[in-house]
There are 2 protein chains.
Amino acid sequence: MLPFKTLIIVEENSPVAIYRQIANKLIGLIQQGLLQPGVFFPGSRELAAILGVHRKTIIAAYQELAIQNWVETLPRKGIRVAADLPVIKPRSFKRAGQSLPYHEPARFSFLNDVTGIDANPELRRSDIVVNDGFPDTDLAPFDLLMREYRKQLQGVYLKRLMSMRDFGGTPALKDATSLFLNDSRGLNISNEHILITRGAQMAIYIAASLILKPGDKVLVSDPNYFIADAVFTKMGARLVRIPVGAEGMDVDAIENALKKTKIKLLYIIPHHHHPTTVTMSSSRRIKLLQLIKQYQLPVIEDDYDYDFHYRNSPVLPLASASHGGNVIYIGSFTKLLAPSFRLGYMIGPANFIAQAINLKRLIDLRGDTLMEEALANMITTGDLGRHIKKSNKIYSQRCDLICQLFNEHLNHAVTFSKPQGGMALWLKFHKEYPLATIIPKALSAGLVLLGSAYYKGENEKHNGLRFGFASLKEKDMQQVVDILSLITK
Amino acid sequence: MLPFKTLIIVEENSPVAIYRQIANKLIGLIQQGLLQPGVFFPGSRELAAILGVHRKTIIAAYQELAIQNWVETLPRKGIRVAADLPVIKPRSFKRAGQSLPYHEPARFSFLNDVTGIDANPELRRSDIVVNDGFPDTDLAPFDLLMREYRKQLQGVYLKRLMSMRDFGGTPALKDATSLFLNDSRGLNISNEHILITRGAQMAIYIAASLILKPGDKVLVSDPNYFIADAVFTKMGARLVRIPVGAEGMDVDAIENALKKTKIKLLYIIPHHHHPTTVTMSSSRRIKLLQLIKQYQLPVIEDDYDYDFHYRNSPVLPLASASHGGNVIYIGSFTKLLAPSFRLGYMIGPANFIAQAINLKRLIDLRGDTLMEEALANMITTGDLGRHIKKSNKIYSQRCDLICQLFNEHLNHAVTFSKPQGGMALWLKFHKEYPLATIIPKALSAGLVLLGSAYYKGENEKHNGLRFGFASLKEKDMQQVVDILSLITK
């Protein structure tokens, strides 16, 4: 007989019933070949004594095994391992009961060049965190959103809302989004041109998946939003870098690239470019639109930051000009709410959007329909618009203040241009202050710089990082500047 | 001078300020080449008269154009289109102001063979909807979940929770998930083996993306969860179908396939197979585990329905037996809550999960961290466990009732096996009642059959559909059976 007392350890404090613990361990022994087909189990009284449990517990465990067809009961003989189970060569007793298949690395081949993520630093309670440019959660309209959300939970259509097939967004949110975009960006779209996604990131991924094949060439800026770079690289595409200056991406360089070689896609952030926050000039926009039409060049226009502008109206997106249907326009509601409310959209010609919806379903079966309806209501009631206006005022003041502080105290170490809007600025450190040492120094002084930093490998020349000011209070800014001054002394 | 009165139509009722409407229209005229570089605008008084608006409005519009660098102001001469803008060949007046680039199909090449979605039928208020097997939203623990969610919104760590980089799930939800899975499935995993996703679908997509290359062969059941089929097909893989019978997938057929050709992946739902609800027998499981180890065969085990079982404990997943680290295990919390709460998980060896986390970030930058924390709390307080127990009791009764009704009234038209758990049964219609006619007939009688139906193309032989009973009340079931009886008379 097997040494059941050693093999079956019962945990009294486990939330799993003891009979189930025993049944599961016995199944393990069968699966490992230690209890072979046809072998009889000890009687319930006997096993109960061995394990120190009540006999009824063993009977329940055996019943469980019987229901699951692991054992068969022979009248007056007892219970044995089902004779029709395949015979397995038993392994050593030592490993019995220790099935830890996940504790060794996978040895089958899989894609393993997807760009990694820097570890999250350990945070202390007193640390100040500077993010990539997120909205201030203290301003987020949680109450309004939760009010709308609760309405959905109590609504008479809840069940239907939840069981409908997903067409890339609830009709109400598509209606509200086209209204919102037509008003604010002059897009002239209707529902068939919209896919609702989990934030702009999913829209970039889906658009790139539909457009790119391995070996295709993609024009991107230098530097470029690094996660977009990683998406295109994952698709097997090759990146062709275009310099970005004070007027945005260099359109002459784009034209040269188009003349020289077959380009499959242009990825561009004309408004508040990520990471540099530069906005493309009007003359470059006009020239670029001509090129797009001339070369029938597919474009992903990432406009993650359109709604945040301080002094003037934002420049209209490429998507609202005449572009021959080549511009896939991507934006986000996340920045209007808070980072964990992941809602974005993709705008494109109806045939493209139809395929995007189909692909989205393979990735993410169904959206958060309740949150979508809640947001739709916030848009149509005007609550969202009012929230944007209110926060713009505050972010604009914060932008003024941080720029003033940097100018007064950090001119020796950094350069930056005051952005026209948005929630972050592009802080370039002088060569003498490499971010490779600045970031860890700041961390030990209690300042966690979490914004995207461009200083490794081909990005070493930039030595810059996104400094998200929108969620920093006045006293935090003071402290941040004090720490940065100190470590750049 | 251009016919501004015709080209610039001001909408009084638009939420966009009138000066901005005019500015945007003027930018459109510049972009279309109708207002060439260097051309002077009418004076503000003149244009105000033409358009019938106040002069101040025109001044504001011109200022907007100036700030955006579309125009330049020449002292004492007036305002003209910036001379440094590229010259564009103007198009006919007729199309001016009608930039509708999204109203024609995209003509650039893109992937256009992603499987489509059947249209949602138009619903009347009185219609009964039978879904694919969703939990009853009337039982969903919304109050508990919202309580936990609100706690997060008010928590002191809110800002940090939202600005941290995403590592495929919040630490608290990973802790709770490993606890939950170790207890209920004996998995012996820790946080490094877990990726939290938006539902099981995203986990399938990510696992398949990492494992499959174009041309690879995948073993799937016949019939198989059709969205998984579509995922593999999208990756360029070829499906090799294995029959599924009362004991689950035919393991001998799997062995033959493995002997005959190189197989890259097995996709299997051993517990409550989708669509057929069959659970794989113990003997087949043991043999399959041997094959997995012998051939080092990567496996996606989709266990979407483990927590719902009525009479006995569920059969333990393949993942908790000894499988050499080859089984990527996928499950979902969505079924435990409600369809729009999309939270699922992928379990695998640490090196695989690390890549899966990196890929997930490209697709979906950040999870709903607040909902993740809320769910984590529901798990650790035991609220989720109690909810599962409570709903299982109700679903079990509903399962009994629907089976009894089908037996009494529909034996002439359908066959089915009573499932051991889950939320749906596999309803096969006799050949005389093809679903191609049954579904529309039911619809016109007020019964909307939304469950996955297998009757087109290669699936014609199955002529079956998923009948989700879990969210049907007693009177609904009566009505459903009445309608089905009527249309199969």
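So that the names make sense, note that chain A is the first sequence line, chain B the second, and so on, each numbered from 1. Every heavy atom of this structure was used, including side-chain atoms; hydrogens, water molecules and symmetry mates were not. Here the structure is a predicted model, which means the values were calculated and not measured.
Only the side chain of Arg107(A) comes within less than 4.5 Å of a heavy atom in chain B; its backbone stays farther off. For a residue to count as touching a neighbouring chain, one of its non-hydrogen atoms must lie under 4.5 Å from one of that chain's; by this rule Ile347(A) touches chain B with backbone and side chain alike. Contact annotation for Phe352(A): both backbone and side-chain heavy atoms come within less than 4.5 Å of a heavy atom of chain B. Of the atoms belonging to Val129(A), it is side-chain heavy atoms, and not backbone ones, that fall under 4.5 Å from chain B. Using a 4.5 Å cut-off between heavy atoms, Asn112(A) contacts chain B through both its backbone and its side chain. Only the backbone of Ser184(A) comes within contact range of chain B, with heavy atoms under 4.5 Å apart. Interface residue Met202(A): backbone and side-chain heavy atoms are both found under 4.5 Å from chain B. Using a 4.5 Å cut-off between heavy atoms, Val327(A) contacts chain B through both its backbone and its side chain. The parts of Asp127(A) that come within reach of chain B are both its backbone and its side chain, each placing non-hydrogen atoms under 4.5 angstrom from that chain. Heavy atoms of Leu289(A) lying under 4.5 Å from chain B belong exclusively to its side chain. Only the side chain of Phe341(A) has a heavy atom closer than 4.5 Å to any heavy atom of chain B. Ser281(A) does not touch chain B: none of its heavy atoms, backbone or side chain, sits under 4.5 Å away.
The side chain to side chain donor-acceptor pair (under 3.5 Å) search around Glu372(A) returns none, not counting sequence neighbours. Judged as a side chain to side chain donor-acceptor pair (under 3.5 Å), and not counting sequence neighbours, Thr233(B) has no contacts.
Remark: Asp368(A) does not engage Arg198(B) in a salt bridge, criterion side-chain N to carboxylate O under 4.0 Å.
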